[in-house]
Amino acid sequence: MTVGAELIARVRFNDQGLVPAIAQQWDSGEVLMMAWMNQDALELTLETGKATYFSRSRSKLWVKGETSGNFQAVRELKLDCDGDTILLEVDQLGEACHTGARSCFDAGKHHTV
């Protein structure tokens, strides 16, 4: 069994066959975005090194950056301790958010609790 196959076997996909994937800039630790992966997206990510996700609204796979040019080169892929969340450490080219922001997470807006 390959490393990729071993990792995929450990993933706990939800009832829709999806798992959340967090993209983080590898060198700064900046959290960029969250998207969903199905098994095909995960396999393609492992094969190509380009972050590939599953669009729930379009019901299809999409490679991050395929239309915008803002690709995510995956440097490392980690699975959390429960196997139900993936962390992609990426080298983000350009913006990560579809709004044009670097990050999808309230860029520049900090809320104290």
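Because the structure is a prediction, the values reported are computed rather than measured.
Note on residues 8-34: pairs passing salt bridge (Lys or Arg N to Asp or Glu O under 4.0 Å), not counting sequence neighbours, are Glu30-Arg102. Counting only residues at least two apart or in different chains, ring pair (Phe, Tyr, Trp, His ring centres under 6.0 Å) contacts with residues 60-85 comprise Tyr53-Trp62.
Residues that satisfy the side-chain contact (heavy atoms from CB on, under 4.5 Å) test with Ser57, not counting sequence neighbours, are Ser55. In this view, Gln16 and Asn14 satisfy the side chain to side chain donor-acceptor pair (under 3.5 Å) rule, not counting sequence neighbours. With sequence neighbours excluded, the residues satisfying salt bridge (Lys or Arg N to Asp or Glu O under 4.0 Å) with Glu89 are Lys78. Qualifying side-chain contact (heavy atoms from CB on, under 4.5 Å) partners for Thr85, counting only residues two or more places apart in sequence or in other chains: Pro20, Ile22, Asp80.
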Acceptor/donor pairs from residues 34-41 side chains to any protein atom, 3.5 angstrom cut, sequence neighbours excluded:
| unit_1 | atom_1 | unit_2 | atom_2 | d |
| --- | --- | --- | --- | --- |
| Asn38 | OD1 | Asp40 | N | 3.2 |
| Asn38 | OD1 | Ala41 | N | 2.8 |
| Gln39 | NE2 | Glu43 | OE2 | 2.9 |

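Atom OG of Ser103 is separated from atom CD of Glu95 by 11.5 Å, given to the nearest 0.5 angstrom. Note that CG of Leu42 is 11.5 Å distant from CG of Leu18, once rounded to the nearest 0.5 Å. Note that CE of Met33 and CG of Leu88 are 8.5 Å apart. Values are rounded to the nearest 0.5 Å.
Across every non-hydrogen atom of Val19 and Phe13, the tightest pair is CG1-CE2, 3.8 Å. Nearest heavy atom pair, residue Ala23 against residue Gln72, reads CB-NE2, 3.7 Å. Here the closest non-hydrogen pair linking Gln92 and Leu32 is CB-CD1, 3.6 Å. Across Leu7 and Leu79, no two heavy atoms sit closer than the pair O-CD2, 4.1 Å. The minimum heavy-atom distance linking Gly4 with Leu46 is given by the pair CA-CD1, 3.9 Å.
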Inset, instruction - Would you sort out whether Gln25 and Asp91 count as a side-chain contact (heavy atoms from CB on, under 4.5 Å), showing the intermediate values? - result: CA-CA 6 Å; Gln25 178 62 35; Asp91 192 7; 3.4 Å; yes
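Under a 3.5 Å cut-off, the side chain of Lys64 and the backbone N or O of Ala96 do form a donor-acceptor pair. Judged purely by atom type and a 3.5 angstrom limit, Thr45 uses its side chain to pair as donor or acceptor with the backbone of Thr52.
Put simply, Phe54 and Ile86 are part of two different groups of oily side chains (I, L, V, M, F, W, Y) that touch within less than 4.5 Å, one to the next.
Between Leu77 and Leu87 there is no side-chain heavy-atom pair separated by less than 4.5 Å.
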